[in-house]
Amino acid sequence: MAKSRKTEKGLPIAIIGGGPAGLSAAIAAVKKYKNVIVYDKNPEPAKKIKELAYDPFIVAEKLDSDKFEDVYGDKYSFIAPALKSYGWKEITEQLEKMGIKVSNNGKDRFSIEQQDLGRFGEVFKKSAESEGIVYKKSSRVTDLVISRGKVKSVVVNGVTHPVSAVVVACGSFSSPKSGSTKDGYAFAEKAGHEIIPIKPAFVGLETREKYGKFLDGVEVRDCLIRVSLDEELQFVDRGKLRFTGYGLSGEIILNNSAKIIEILEKGEVKIHMDQVPDLSRFEINRFLNQEFPVTDRTTLFQHLNPYLPDGLLGVMDKIIRVHSNRPVAFLSSLEKKHIMLWLKDFPFTIKGARPFNETRGVLGGVALDDIDPKTMRSNKIKNLYFAGEVLDLLGPWGGYNFEMAFSTGRLAGLSAANDNGAGKKK
Ligand SMILES: Cc1cc2nc3c(=O)[nH]c(=O)nc-3n(C[C@H](O)[C@H](O)[C@H](O)COP(=O)(O)OP(=O)(O)OC[C@H]3O[C@@H](n4cnc5c(N)ncnc54)[C@H](O)[C@@H]3O)c2cc1C
């Protein structure tokens with residue numbers, strides 16, 4: 001097979017954004033085309049990942065290509081070519097080769113530990129630089145100069161630079177304090193692309209009930225939530241939930257927040273929390289109503305302690321007016337009713353989502369219809385490409401968004417280099 005070779009130095013391929021999508025695009029492009037420049041408005045690369053305050057960063061989940069449809073739903077056919085050509089295996093291997101340690105949870109998840117996130121962007125950038133890219137920090141692209149169906153130049157910090165192609169990898173509007181403001185959408189609109197309106201996703205939810213002052217920080221490891229719209233059940237899920245000062249967060253809320261925010265426009269949304277999903281109402285009733293010896297002073301706290309966190313039990317008197325230090329043997333029937341209801345159906349009325357600065361993703365972005373999934377090239381402007389979260393693509397929790405950014409970035413970079421004549425013999 002003929003070995004591809006780099007072209008002579010022509011005008012640069014400009015990559016806008018030094019996040020995972022932009023850096024992945026740059027590494028792929030520079031292997032085939034000599035002149036690749038990454039512009040990022042921040043003084044440091046991949047700032048979004050550097051700033052993650054807690055949780056390991058999940059970079060991928062082992063997933064066979066026949067499962068893509070389950071994960072990406074109706075966007076599956078768009079993302080499939082990128083993921084099939086470069087999926088979880090290739091991505092985790094590339095990260096390791098760069099010197100970024102990827103841990104495996106023993107099952108299907110791959111993540112970068114908290115202590116390594118601070119150096120992630122720098123290592124990624126250095127790896128791209130060692131391949132020959134030029135990285136321009138603190139360089140904000142403010143405009144694309146488009147003429148006769150082509151991007152002719154980019155305007156960076158007020159100076160116009162001619163280009164051969166442009167990859168827009170500016171990120172979504174999630175967590176905009178890390179640099180991903182709405183610039184990518186503006187570039188796409190200028191090029192004639194449609195923007196699907198953006199909404200917050202992977203974000204905490206504010207509740208009308210004000211339990212935050214005594215429940216802030218309490219985590220329930222395993223609960224079941226029933227989400228209703230105007231009292232009609234919409235869906236059920238089970239997992240970890242965390243109370244916050246404003247309402248609810250934690251894995252189960254972040255995962256379902258986009259779905260909940262979508263239905264919030266239609267009416268009143270409630271989350272009914274079952275705190276003990278493995279205990280049936282019948283079992284709880286039988287326990288509470290059994291004949292306790294009068295000498296039995298075992299408290300509610302002692303009985304419920306295996307199931308509920310101390311932080312929750314400690315404040316149950318403020319929520320249902322039954323103190324957890326009450327001996328179960330002395331509970332009135334009204335108190336038992338309150339306990340049963342609270343355990344199996346702790347209700348929250350959803351007021352809205354937390355602001356964009358707290359989101360970990362968004363719904364919406366550059367519409368996929370006018371982008372070729374095999375190349376990530378715009379159907380409107382022939383030397384313009386899109387990659388990563390700027391697109392109207394959102395995977396579920398579990399590494400799918402990083403994976404999507406990385407693989408679409410690689411495809412966009414490769415295509416930009418190929419379309420510039422890379423690999424062709426002169
Ligand atoms: C708190 C948090 C936790 C997350 N956890 C996970 C997780 O565990 N697993 C997972 O898969 N995903 C996670 N994500 C999502 C993940 O970070 C994104 O999917 C990923 O960063 C998207 O990469 P990107 O390159 O498309 O965009 P970004 O990472 O947002 O990078 C875009 C870059 O473009 C630059 N830029 C924007 N406009 C311009 C301009 N005009 N000129 C120059 N530069 C510009 C920005 O400065 C930024 O550096 C998390 C996100 C957050 C906020």
Side-chain angles (χ1 to χ4, degrees), residues 14-26 37-61 71 88 91-92 102 109-114 117 120-121 124-125 135-144 154-157 161 166-188 190 200-204 249 251 254-255 354 356-362 365-366 376 386-410 412-413:
I15 294 172
I16 315 176
L23 288 170
S24 165
I37 304 181
V38 175
Y39 296 104
D40 197 289
K41 59 162 70 154
N42 287 323
E44 61 213 323
K47 190 171 175 209
K48 188 170 280 174
I49 290 168
K50 187 173 183 183
E51 288 193 339
L52 303 186
Y54 45 84
D55 300 340
F57 185 79
I58 308 163
V59 289
E61 193 154 288
V71 168
W88 64 270
I91 293 171
T92 50
V102 179
R109 274 194 175 168
F110 298 90
S111 50
I112 303 174
E113 293 304 326
Q114 179 65 46
L117 292 177
F120 171 86
F124 207 156
K125 174 186 142 239
Y135 189 91
K136 299 275 190 189
K137 64 178 183 178
S138 306
S139 301
R140 181 173 174 206
V141 178
T142 50
D143 200 9
L144 306 184
V154 291
V155 181
V156 187
N157 295 342
H161 299 270
V166 169
V167 177
V168 175
C170 298
S172 68
F173 193 52
S174 87
S175 219
K177 59 180 188 271
S178 65
S180 53
T181 49
K182 292 181 177 168
D183 298 359
Y185 306 142
F187 300 145
K190 183 166 188 190
F202 295 131
V203 69
S249 187
E251 205 173 297
L254 296 178
N255 268 340
R354 292 295 286 166
F356 275 102
N357 249 340
E358 294 178 25
T359 55
R360 297 176 176 204
V362 299
V366 180
M376 295 292 136
F386 292 91
E389 248 185 34
V390 71
L391 293 163
D392 174 29
L393 270 177
L394 184 76
W397 194 244
Y400 294 105
N401 292 303
F402 177 84
E403 207 176 328
M404 179 270 290
F406 204 107
S407 63
T408 55
R410 178 181 170 275

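Counting starts at 1 for both ligands and their atoms, in listed order.
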- Among Glu389, Arg140, Arg109, Lys177, closest by any non-hydrogen atom to atom 16 (C) of ligand 1: Glu389
- Query: Does Asp183, backbone or side chain, put an N or O under 3.5 Å from an N or O of ligand 1?
  - Reply: yes
- Query: Short list, please: which atoms of ligand 1 are under 4.0 Å from a heavy atom of Ser180?
  - Reply: 30 (O)
- Message: Taking 4.0 angstrom as the limit and counting only heavy atoms of Ile16, give me the atoms of ligand 1 inside it, by number and element.
- Response: 40 (C), 42 (N), 43 (C)
- Task: Indicate yes or no: does Asp40 engage Lys47 in a salt bridge with an N to O separation below 4.0 Å.
- Result: no
- Message: At under 4.0 Å between heavy atoms, is it the side chain or the backbone of Ala21 that contacts ligand 1, or both, or neither?
- Response: both
- Closer than 4.0 angstrom: is that true for some heavy atom of Trp397 and an atom of ligand 1? yes
- Query: Which of parallel (below 30°), tilted (30 to 60°) and perpendicular (above 60°) describes His161 and Tyr39?
  - Reply: tilted
- Does the side chain of Val166 come within less than 4.5 Å of Phe187's, by heavy atoms? no
- Message: Regarding ligand 1, does Thr181 bring an N or O atom to under 3.5 Å of one of the ligand's N or O atoms?
- Response: no
- Among Val102, Ile91, Ile58, the one residue meeting side chain to side chain contact (heavy atoms under 4.5 Å, CB included) with Phe110: Val102
- Would you say Val141 and ligand 1 have an N/O pair spaced under 3.5 Å apart? yes
- Query: So which of Trp397, Trp88, Tyr400 actually passes side-chain hydrogen bond (donor to acceptor under 3.5 Å, both in side chains) with Glu61?
  - Reply: Tyr400
- Item | Proximity winner for atom 29 (O) of ligand 1, if only heavy atoms of Ala387, Pro20, Ser139, Gly18 are counted | Pro20
- Would you please determine whether Val156 falls within less than 4.0 Å of ligand 1 on a heavy-atom basis? no
- Message: Under a 3.5 Å distance rule, please check whether Asn401 uses its side chain to pair with a backbone N or O of Glu389 as donor and acceptor.
- Response: no
- Here the atoms of ligand 1 under 4.0 Å from any heavy atom belonging to Asp40 are 33 (C), 34 (O), 35 (C), 43 (C), 44 (N), 46 (C), 47 (O), 48 (C), 49 (O)
- Message: Between Asn255 (side chain only) and Pro396 (backbone N and O only), is there a donor and an acceptor less than 3.5 Å apart?
- Response: no
- Message: Under a 4.0 angstrom heavy-atom cut-off, which atoms of ligand 1 come close to Ile58?
- Response: 7 (C), 8 (O), 9 (N), 10 (C), 11 (O)
- Query: Which ligand 1 atoms does Ala169 reach within 4.0 Å, using its non-hydrogen atoms?
  - Reply: 32 (C), 33 (C), 34 (O)
- Item | Numbered atoms and elements of ligand 1 in range of Ser175, under 4.0 angstrom, heavy atoms | 53 (C)
- Query: Gly361 near ligand 1, heavy-atom distance under 4.0 Å?
  - Reply: no
- Query: Quick one: which of Thr181, Asn157, Asp183 gives a side-chain hydrogen bond (donor to acceptor under 3.5 Å, both in side chains) with Arg140?
  - Reply: Asp183
- Task: Check ring-ring contact (aromatic ring centres under 6.0 Å, His included) between Phe356 and all other residues, then give those that pass, not counting sequence neighbours.
- Result: Phe173
- Message: Does Lys137 have more than 12 heavy atoms from other residues, nucleotides or ligands lying within 6.0 Å of its NZ?
- Response: no
- So is Asn42 close enough to ligand 1, meaning a heavy atom under 4.0 angstrom away? yes
- Heavy-atom side-chain contact between Lys136 and Val156 under 4.5 Å: no
- Item | Option whose closest heavy atom lies nearest to atom 27 (O) of ligand 1, chosen from Cys170, Gly171, Ser138, Pro176 | Gly171
- Item | Atoms of ligand 1 close to Thr359 [distance to a heavy atom under 4.0 angstrom, numbered from 1] | 53 (C)
- Query: Can you tell me if NZ on Lys41 sees more than 12 non-hydrogen neighbours from other groups inside 6.0 Å?
  - Reply: yes
- Message: Classify the ring geometry of Phe120 against Phe124: parallel below 30°, tilted from 30° to 60°, perpendicular beyond 60°.
- Response: perpendicular
- Note on the structure: Out of Phe57, Phe402, Phe173, the nearest non-hydrogen contact to atom 14 (N) of ligand 1 is supplied by Phe57
- Message: If you measure every N or O of Lys41 against every N or O of ligand 1, does any of those distances drop under 3.5 Å?
- Response: yes
- Mark up the atoms of ligand 1 that fall under 4.0 Å of a heavy atom belonging to Gly388, in ascending order. 26 (O)
